[in-house]
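The structure appears below as structure tokens.
Whatever order the structure lists them in is the order used to number ligands and atoms, beginning at 1.
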Amino acid sequence: MTVPTALPIVQAPMAGGPSTPELAAAVAGAGAFGFVAGGYLTPDVLRDELDRTRALTSDPIGVNLFVPGSRAPDPAAIGAYAARLRPLAEELGAELGEPRWEDDGFDAKIDVLVSAGIHTASFTFGCPAPEIIARLRAAGVRVVVTVTDVGEAEIAAGAGADGFVVQGAEAGGHQGTFDPARRNETPLAAALDSIASVGLPMIATGGITTAGDARAALDAGAVAVQIGTALLCTPEARTSVPYRRALLDRTYEDTVITRAFTGRWARGLANPFAVEHSDAPGGYPEVHHLTRPLRAAATAAGNPDVPNLWAGTGWTAITAEPAADVVRRIGADL
Ligand SMILES: Cc1cc2nc3c(=O)[nH]c(=O)nc-3n(C[C@H](O)[C@H](O)[C@H](O)COP(=O)(O)O)c2cc1C
């Protein structure tokens, strides 16, 4: 399996705002592989996003989904976290959300993918059941599973996946670890090195924002690189204004891996919320729903101190160029 594009570059699916049909189409137009981010969307909205993407490009595209996990192990800890957040909610004039579990409409979205004529389905947060992978493959869809270590890669290979997105600890956004309690600290190069033994094609992701980063990942055995943070400030991404500004103005000095926002480990800019609550309890999507109104209220007020500002370790190299220029710059040595 190689990518069906001129350049071995894949646009990371970025749920929660940044991914747009315009971004997928611009990336595809520059010779890379575009993705629709299906996480958080209802099945109907996912269908609309696919239609809108199809109206902008006839190139092969992928769709990414979140694999549902189990309920939060310690609801009382989430209650205590809610109590801790109450003063901030009052300050922001927002109500805390209900910390509810749901499966992100997973089965209905699989039905959408089976009939959508897409090239690839990618998954994060776990591995779909072998029956689901077989159903997608029978419909002509390649299946790629995000993995962070050899154990996860062996499970995905055994379930019938065509390949992996190998995610290093440098990555912006959520870690794709199958066990949400496990915090991934393995750098991309080491992950590629060990997962190569499983023998399926690897798409490398995490911290890739320059041509040199991309070249190194291909030299380490990857068939392609998947870039997320590098595209966040492009005009085609729907990244909020305070998020963009924090990235480009370097409002915060570093990135941090935190559970503060969603109850799942994720890397983002080290703003006060990420740092002060990095010991937040596990529990995705319960904690995501709990904090969401606070993050939305702060974003609406132009305040970058509270929202999740996902970013990988390569964030200081990013620019506000059009997506096609970013793709060409990162692909210059490939
Ligand atoms: C804002 C943002 C949203 C993301 N959303 C998703 C997603 O919906 N699904 C997914 O599989 N990965 C998601 N990721 C992770 C990317 O697939 C990828 O692992 C990561 O962007 C790679 O690191 P980089 O950001 O340093 O390029 C997201 C990353 C970011 C930065």
Side-chain angles (χ1 to χ4, degrees), residues 9-20 23-24 27 32-41 46 49 62-67 104 106 109 120-128 143-148 152 156 164-178 184 186-188 191-192 202-210 213-214 216-217 222 224-234 237-240 243-244 246-247 255 257-258 261-262 264-269 274 284-285 288 295 299 307-318 323 326-327 330:
I9 296 181
V10 175
Q11 168 233 320
M14 292 187 282
S19 269
T20 60
L23 181 60
V27 160
F33 190 82
F35 252 98
V36 171
Y40 305 132
L41 307 181
L46 172 59
E49 287 274 301
V63 176
N64 172 261
L65 297 184
F66 297 166
V67 177
D104 204 38
F106 187 70
K109 287 197 246 187
T120 295
S122 81
F123 294 90
T124 190
F125 302 165
C127 182
V143 175
V144 170
V145 177
T146 305
V147 298
T148 61
E152 292 171 355
F164 310 129
V165 172
V166 175
Q167 188 192 47
E170 299 92 335
H174 283 119
Q175 300 194 334
T177 43
F178 291 10
N184 181 31
T186 307
L188 178 59
L192 289 169
M202 304 185 290
I203 298 167
T205 201
I208 296 169
T209 51
T210 68
D213 299 333
V225 294
Q226 178 164 299
I227 56 169
T229 299
L231 296 164
L232 280 173
C233 290
T234 62
R238 205 175 46 230
T239 308
S240 75
Y243 188 175
R244 251 172 227 272
L247 284 164
T255 62
I257 298 175
T258 181
F261 302 103
T262 67
R264 226 189 194 284
W265 295 112
R267 186 184 289 280
L269 293 181
Y284 179 90
H288 162 72
R295 295 181 274 136
T299 296
N308 52 300
L309 310 172
W310 300 149
T313 54
W315 68 286
T316 53
I318 74 172
V326 172
V327 165
I330 293 179

Strictly under 4.0 Å, does any heavy atom of Ala230 approach an atom of ligand 1?
no
So the atoms of ligand 1 within less than 4.0 Å of a heavy atom of Asn64 turn out to be 7 (C), 8 (O), 9 (N), 10 (C), 11 (O)
Suppose we measure from atom 21 (O) of ligand 1 to each protein heavy atom; which comes out shortest, and what is that distance?
Gly228 CA, 3.5 Å
So if I apply the ring pair (Phe, Tyr, Trp, His ring centres under 6.0 Å) rule between Phe125 and each of Trp265, Tyr284, Phe106, which one comes out positive?
Tyr284
His174 and ring pair (Phe, Tyr, Trp, His ring centres under 6.0 Å): which partner among Trp310, Phe261, Tyr40?
Trp310
Taking Lys109 for its side chain and Gly38 for its backbone only, find out whether a donor-acceptor pair lies under 3.5 Å.
yes
Of all the atoms in ligand 1, which lie at a distance below 4.0 Å from a heavy atom belonging to Tyr243?
1 (C)
Relative to the heavy atoms of Ala12, which atoms of ligand 1 are at a distance of less than 4.0 Å?
16 (C), 17 (O)
Without swapping roles, check the side chain of Thr229 against the backbone of Gly312 for a donor-acceptor pair under 3.5 Å.
yes
Quick one: which ligand 1 atoms are inside 4.0 Å of a heavy atom on Phe66?
7 (C), 8 (O), 9 (N)
Out of Gly314, Pro18, Ala15, indicate the one that has the non-hydrogen atom closest to atom 8 (O) of ligand 1.
Ala15
Within the 4.0 Å heavy-atom shell around Gly207, which atoms of ligand 1 are there?
23 (O), 24 (P), 26 (O)
Among Val166, Thr177, Asn184, Val145, which residue meets the side-chain contact (heavy atoms from CB on, under 4.5 Å) test with Glu152?
Thr177
Just by modelled atom types, is the Leu188 backbone N or O under 3.5 Å from a matching donor or acceptor in the Glu170 side chain?
yes
Check each atom of ligand 1 against the heavy atoms of Gln226 and keep those under 4.0 Å away; list them by number with element.
17 (O)
Could you name the option among Pro13, Gly172, Gly176, Gly312 that has the heavy atom nearest to atom 23 (O) of ligand 1?
Gly172
With heavy atoms of Trp310 as the reference, note each atom of ligand 1 found under 4.0 Å away.
1 (C), 2 (C), 3 (C), 31 (C)
Among all the protein's non-hydrogen atoms, which is closest to atom 19 (O) of ligand 1, and how far away is it?
Gln167 NE2, 3.1 Å
Quick one: does any side-chain atom of Arg244 pair with a main-chain N or O of Thr234 as donor and acceptor, under 3.5 Å?
yes
Check Met14 against ligand 1 and report side chain, backbone, both or neither, counting heavy atoms closer than 4.0 Å.
both
For ligand 1, which atoms sit closer than 4.0 Å to a heavy atom of Thr205?
18 (C), 19 (O), 20 (C), 22 (C)
Thr20 side chain to Arg238 side chain, donor-acceptor N/O pair below 3.5 angstrom
no
Have a look at Val165 and tell me which of Thr148, Asn64, Thr146, Val147 forms a side-chain contact (heavy atoms from CB on, under 4.5 Å) with it.
Thr146
Using the side-chain contact (heavy atoms from CB on, under 4.5 Å) rule, pick out the option among Val225, Val326, Ile208 that qualifies with Ile9.
Val225
Nearest neighbour in protein (non-hydrogen) for atom 24 (P) of ligand 1
Thr229 OG1, 3.5 Å
